[in-house]
Amino acid sequence: MDLSTVTRIIPARTRSDLIALGPTVVPLAGGSELFADPRAHLRALVDLQTLGWPALTITEDGLEIAATCTLAELSRLPMQAGWAAHPLFYQCCTALFGSFKVWNVATVGGNLATSLPAGPMITLAVALDAELLVWRGDGSDEVVPARQFVTGNMTNALAANDVLRSIRVPLTSLQATTAYRKIALSPLGRSGAVLAGRVDADGVFVLTVTAATLRPVQLRYSELPAADVLAGDIAAIDCWFTDAHGAADWRRAMGLLLGEEIRAELAASTDVASQS
Ligand SMILES: Cc1cc2nc3c(=O)[nH]c(=O)nc-3n(C[C@H](O)[C@H](O)[C@H](O)COP(=O)(O)OP(=O)(O)OC[C@H]3O[C@@H](n4cnc5c(N)ncnc54)[C@H](O)[C@@H]3O)c2cc1C
């Protein structure tokens, strides 16, 4: 859809070009969400893609994903030795059921910044304990744990003139064993529940519940919990919600079912690993 009140697109070349951001001037990444609805308050967009950030940077400490990395680029992330969590990247990319056109423009940062409950880059970032680098409008930098970034349905830790710069995934998470489950009311529908589990080398188990809840919920244990303990903690989650993509009671039931499937899968795979 045309944004008919927008009269200027400013191609950002350096951080100083972001000074134009404010209530009526917002970042443009892939535009797949921005151009989906009328936004009569907008006057200009600041294009982030012209900053030319490298999409994916492998470091000694893990992986840095530029906010402007597209889902298509992330889905092709090359496997590295020891990265047992590698399948989770493709799994989360495919939780966004856009066509190839959407995949080729939609960015990781745009997905996080939109902060829909069904944002699969939120699932990925929280599940892997990523840290988000935020460029604040006052020129300062802030590192925000992914689990604290999304605060509700389309709300997050960004102020009007802030920009999400990158997503840093620690090596320990990349080396973890993961399991993933997603369900939607229709085969091509928006996710009703997306859950991801992770077991680190030291046995820590982390379950992330998204899409079924208004904000991501992370449950963390020093080792794989017993089934009844995990079920009790999932049942106690207080932010299941109802919309066109599922009722709250169905989402809660799916959380319980899929959470137990993930626990059982990871129990089996870590058991096999310890015997070999
Ligand atoms: C067919 C279709 C299916 C979709 N399915 C899903 C789905 O299943 N789940 C889902 O979550 N979304 C879905 N979307 C919405 C959207 O495509 C995604 O959220 C996408 O990842 C947004 O990324 P973008 O780069 O296109 O963002 P844009 O549209 O460019 O921007 C979206 C918002 O984020 C802001 N923004 C973008 N980048 C940054 C940044 N680095 N820092 C600060 N603010 C920023 C923009 O100002 C804007 O407010 C779908 C869209 C379509 C068209």
Side-chain angles (χ1 to χ4, degrees), residues 1 3 6 9-10 12 15 17-18 20-39 41-53 55 65-75 91-126 132-137 141-142 144 149-150 153-167 182-194 210-216 243-246:
M1 124 168 353
L3 297 180
V6 171
I9 295 192
I10 303 159
R15 185 168 178 174
D17 294 325
L18 304 177
L21 293 172
T24 62
V25 183
V26 298
L28 167 65
S32 62
E33 171 65 22
L34 210 46
F35 286 87
D37 282 312
R39 300 180 200 275
H41 65 289
L42 292 184
R43 298 291 173 268
L45 305 175
V46 177
D47 189 351
L48 302 183
Q49 292 292 13
T50 44
L51 286 159
W53 296 331
I65 307 168
T68 46
C69 173
T70 63
L71 266 70
E73 287 171 317
L74 188 65
S75 72
Q91 288 164 333
C92 287
C93 288
T94 54
L96 193 150
F97 266 125
S99 66
F100 72 93
K101 287 185 284 186
V102 176
W103 257 43
N104 278 296
V105 296
T107 64
V108 177
N111 193 255
L112 282 151
T114 300
S115 298
L116 287 167
M121 297 300 103
I122 300 166
T123 319
L124 181 71
V126 177
L132 309 188
L133 175 59
V134 175
W135 280 359
R136 295 292 183 197
D141 291 357
E142 189 174 339
V144 181
F149 180 77
V150 175
N153 191 348
M154 303 190 82
T155 60
N156 58 46
L158 293 176
N161 48 0
D162 294 342
V163 164
L164 178 56
R165 168 64 184 88
S166 59
I167 297 91
K182 172 210 148 104
I183 193 161
L185 286 178
S186 61
L188 294 179
R190 185 181 287 177
S191 306
V194 182
T210 58
T213 48
L214 287 170
R215 58 182 185 281
D243 70 0
H245 308 286

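Computed from a predicted structure; not experimentally measured. Atoms within each ligand, like the ligands themselves, are counted from 1 in listed order.
Considering backbone and side-chain N/O of Asp162, none are found under 3.5 Å from N/O of ligand 1. Taking distance alone, with nitrogen or oxygen atoms compared against 3.5 Å, Gly30 approaches ligand 1 more closely than that limit. When only interatomic distances are considered, the shortest N/O to N/O separation between Leu164 and ligand 1 falls below 3.5 Å. For Ala29, a nitrogen or oxygen atom sits less than 3.5 Å from a nitrogen or oxygen atom of ligand 1, counting backbone and side chain alike. Ligand 1 has no N or O atom lying under 3.5 Å from any N or O atom of Leu48, backbone or side chain. Geometrically, ligand 1 and Arg190 share no nitrogen or oxygen pair separated by less than 3.5 Å.
Given atom 33 (C) of ligand 1, the protein heavy atom at minimum distance is Thr114 OG1, 3.6 Å. Scanning all protein heavy atoms for the shortest distance to atom 14 (N) of ligand 1 gives Leu96 CD1, 4.3 Å.
In this structure, CZ on Arg190 lies 7.5 Å from CG on Asp243, to the nearest 0.5 angstrom.
Counting heavy atoms closer than 4.0 Å to ligand 1, residue Thr70 contributes nothing at all. Under 4.0 angstrom from ligand 1, the non-hydrogen atoms of Ala67 all belong to its side chain. Residue-level proximity to ligand 1 for Val108 is absent, since no heavy atom of it falls below 4.0 angstrom. The part of Leu116 lying near ligand 1 is the side chain, judged by heavy-atom distances below 4.0 Å.
Of the candidates Ala113, Ala159, Ala95, Ser99, the one placing a heavy atom closest to atom 45 (C) of ligand 1 is Ala113.
When the options Asp17, Leu18, Leu164 are evaluated for a side chain to side chain contact (heavy atoms under 4.5 Å, CB included) with Leu48, the one that passes is Leu18.
Close contacts between ligand 1 and Gly119 involve ligand atoms 11 (O) [criterion: under 4.0 Å to a heavy atom]. Per-residue contacts place Leu158 under 4.0 angstrom from the following atoms of ligand 1 (heavy atoms of the residue considered): 43 (C).
Heavy atoms of Pro27 approach ligand 1 to within less than 4.0 angstrom.
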